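The structure under discussion appears below in the form of structure tokens.
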There are 2 protein chains.
Amino acid sequence: MAKTNFKSRVERRSRLLGMLRSEQHWTTSDLRAHLQVSQRTLMRELASLKDEGYPIESDRGRGGGVRLAGRWGIERLMLSHKEVIELLLALAIVESLNFPFMTSNLQVIKQKLYQAFPENQRSKVSRIRKRIFVSKHFRSAAAYQPSDAHIDISQAICESFLEQRCLNIDYISEDKRCSSRTIEPHYLMLAWPVWYIVAWDHLRNAPRIFRIDRIKNTKKVASKSFKLRPELIADDPYEHHFSSI
Amino acid sequence: MAKTNFKSRVERRSRLLGMLRSEQHWTTSDLRAHLQVSQRTLMRELASLKDEGYPIESDRGRGGGVRLAGRWGIERLMLSHKEVIELLLALAIVESLNFPFMTSNLQVIKQKLYQAFPENQRSKVSRIRKRIFVSKHFRSAAAYQPSDAHIDISQAICESFLEQRCLNIDYISEDKRCSSRTIEPHYLMLAWPVWYIVAWDHLRNAPRIFRIDRIKNTKKVASKSFKLRPELIADDPYEHHFSSI
DNA sequence: TAATATATGCCACTTAATGACACATTAAAT
DNA sequence: ATTTAATGTGTCATTAAGTGGCATATATTA
């Protein structure tokens, strides 16, 4: 009779899920008795849960019942600091791609991940989405060798990119000459299928673009952090870069 | 105005929390505009959240606003079924992009996420990475309108894609004619900045490509699932599609 | 065939949620 | 001091979402 308000319905639903998750045998009569609702309402609630993706299965007839198939959802996922960072980077990339399924669910996850950071760092973290670009140009696929051998290099780049720290790299240029530089990794750019880093190059004291797969070695520059230079992308250096090739 | 049902209210609340957690400056006017509710209702929602223990703080007067004083540190991340699915999809996309930072960390996360699924479904889930493609062609950006208004549509597509279920859609073709079809969403394809679905079209009984932003309405076909047809991509239909334009 | 389940359609009733409007309160800018 | 821009609160009419009840369909087992 009494109309349920939002809060109590959230509670009711959570209790229902709790009962279903405990791997007991439940009939709708049992459930409705525990939840103090009519059978009709219970069926509606179950339908609504199914509709939202919960794998609720039921058996009709004598000995039948309702149950939740398998272990669904994740109760508690422990994520290390690095894992959180990389996950956020991954989400930022998906977002940069105009991904049409960047739904509220993923937004919520992003928000949950933000909580891993202290207040003063969050602005930096939430800015990464704007530091990723997809170029209209694409590169011939043949030349690109995504390096799975260089996990440690990848991690170093990833970290210095996110934490805005300078990085020492050994780089092999297009004409195969090797050089050692200190760079500030400002922006990340995809010109499919090649990934680039738009950086400030301390060696030349100018903006430069580095193919990630041409970076052969990395060394962190301990505590030297840098501030973003929006002019690096305001100048559209990469478009110029590509059209000049 | 239209009354909100339980589902949309859950959704609304989640969006509100998401907005608050992002470290931006929010006034109630901003929030109510984004959420499409009256100021009064928004205040009620905020009060309700405070009541449930959310540390919502607010400043009155000029320059004031509302914010969530977050507690940071991730010990246990709770993910719903849908969140797990969409996160996996996001990771699969990043992986498809040759993302050089798809390091062991992200792989580990993927493994953890798999565990949310019962054994018999894991193969299906792990297959999604192979159902995503990036085309060499890119589209003129002007025409593409990533729809943030169609959250429910996105979710429907996303779900039917992952669970390999048929989907009813209303589609607006290039010559602006609207048609209603039942499709099997087999593959997801990015021809930057446009996302497509490579599907089997029940109407024509042939493979077809659908621009996701041209899908205007969706309806689940309850229990009708489909099996993958590798020939859809073996024939390279999208390359042909683009070169024919 | 009977018994026991889930599942669904329909209808009337209640009331929680909403928006509108007015107004109080606080704080900063001028 | 006054204005302005923000958060809060009170009240009231409206309305559609949620509910229960009942009938009935459907599936499964003893």
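Since the model is a prediction, treat every value here as computed from it, not as a measurement. Below, read A as the first sequence line, B as the second, and so on, with proteins coming before strands; counting in each chain starts at 1.
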- Query: Using a cut-off of less than 4.0 Å, is there contact between a side-chain N or O of B:T41 and OP1 or OP2 of C:dG19?
  - Reply: yes
- Between A:K227 and A:E184, is there a side-chain N and carboxylate O pair less than 4.0 Å apart? no
- Query: How about B:H186 and B:F226: are their ring centroids closer than 6.0 Å?
  - Reply: yes
- Message: Counting only side-chain nitrogens and oxygens, does A:S58 get under 4.0 Å of the OP1 or OP2 atom of C:dA7?
- Response: yes
- Considering only heavy side-chain atoms of B:F6, the closest of D:dG21, D:dG18, D:dA6 is D:dG18
- Whole-Å distance separating the CG atom of A:L42 from the C1' atom of D:dG20: 13 Å
- Query: Does the distance from a Lys or Arg side-chain N to an Asp or Glu carboxylate O, for A:R67 and A:D59, drop under 4.0 Å?
  - Reply: yes
- Message: Just the rounded figure in Å: distance from C1' of D:dA6 to CZ of B:R67.
- Response: 13 Å
- Atom CZ of A:R9 and atom C1' of C:dA17: how far apart are they, to the nearest Å? 13 Å
- Quick one: B:Q39 CD to D:dT7 P, roughly how many Å, whole number? 7 Å
- Task: Consider the side chain of A:V37, meaning its heavy atoms from C-beta on, and name the nucleotide among C:dT6, D:dG20, C:dG19 that approaches it most closely.
- Result: D:dG20
- Task: Nearest whole angstrom, please: distance from the P of D:dT19 to the CG of A:L46.
- Result: 13 Å
- Message: Can you measure A:K50 atom NZ to C:dA7 atom C1' for me and round it to whole angstrom units?
- Response: 8 Å
Nucleotides 27-30 of chain D: which of its N/O atoms have a protein N/O under 3.5 Å away?
{"unit_1": "D:dA27", "atom_1": "O4'", "unit_2": "A:R60", "atom_2": "NH1", "d": "2.9"}

- Query: Between B:R15 and B:E11, does at least one N-O distance fall below 4.0 Å, as a salt bridge requires?
  - Reply: yes
- Does D:dA16 have OP1 or OP2 sitting under 4.0 Å from an N or O in the side chain of B:T4? no
- Message: Looking at A:R32 and D:dG20, is any side-chain donor or acceptor paired with a base atom of the opposite kind under 3.5 Å?
- Response: no
- Note on the structure: B:N5 has its side chain closest, among D:dA17, D:dT19, C:dT18, to D:dA17
- Considering only heavy atoms and no angle criterion, is a donor-acceptor pair shorter than 3.5 Å present between the side chain of A:R40 and the base of C:dG9? yes
- Message: Using heavy-atom distances to pick each residue's nearest nucleotide on DNA chain C, tell me which of A:A47 and A:G64 is more 5'.
- Response: A:G64
- Note on the structure: Between CD of B:Q36 and P of C:dA20 the distance, given in whole Å, is 12 Å
- Query: Does a side-chain N-to-carboxylate-O contact under 4.0 Å join B:D170 and B:K216?
  - Reply: no
- Message: Does D:dT19 have its OP1 or OP2 closer than 4.0 Å to a side-chain nitrogen or oxygen of A:R12?
- Response: yes
- Item | side-chain hydrogen bond (donor to acceptor under 3.5 Å, both in side chains), paired with B:E45, selected from B:R40, B:R32, B:R13 | B:R13
- Message: Whole angstroms only, please: what is the CD-P distance between B:E45 and C:dG19?
- Response: 11 Å
- Query: Is the backbone of B:R177 close enough, under 3.5 Å, to the side chain of B:S173 for a donor and an acceptor to pair up by distance?
  - Reply: yes
- Test of ring centre spacing under 6.0 Å for B:Y196 and B:F210: no
- Among C:dT18, C:dT6, D:dA6, which nucleotide sits nearest the side chain of A:T27? C:dT6
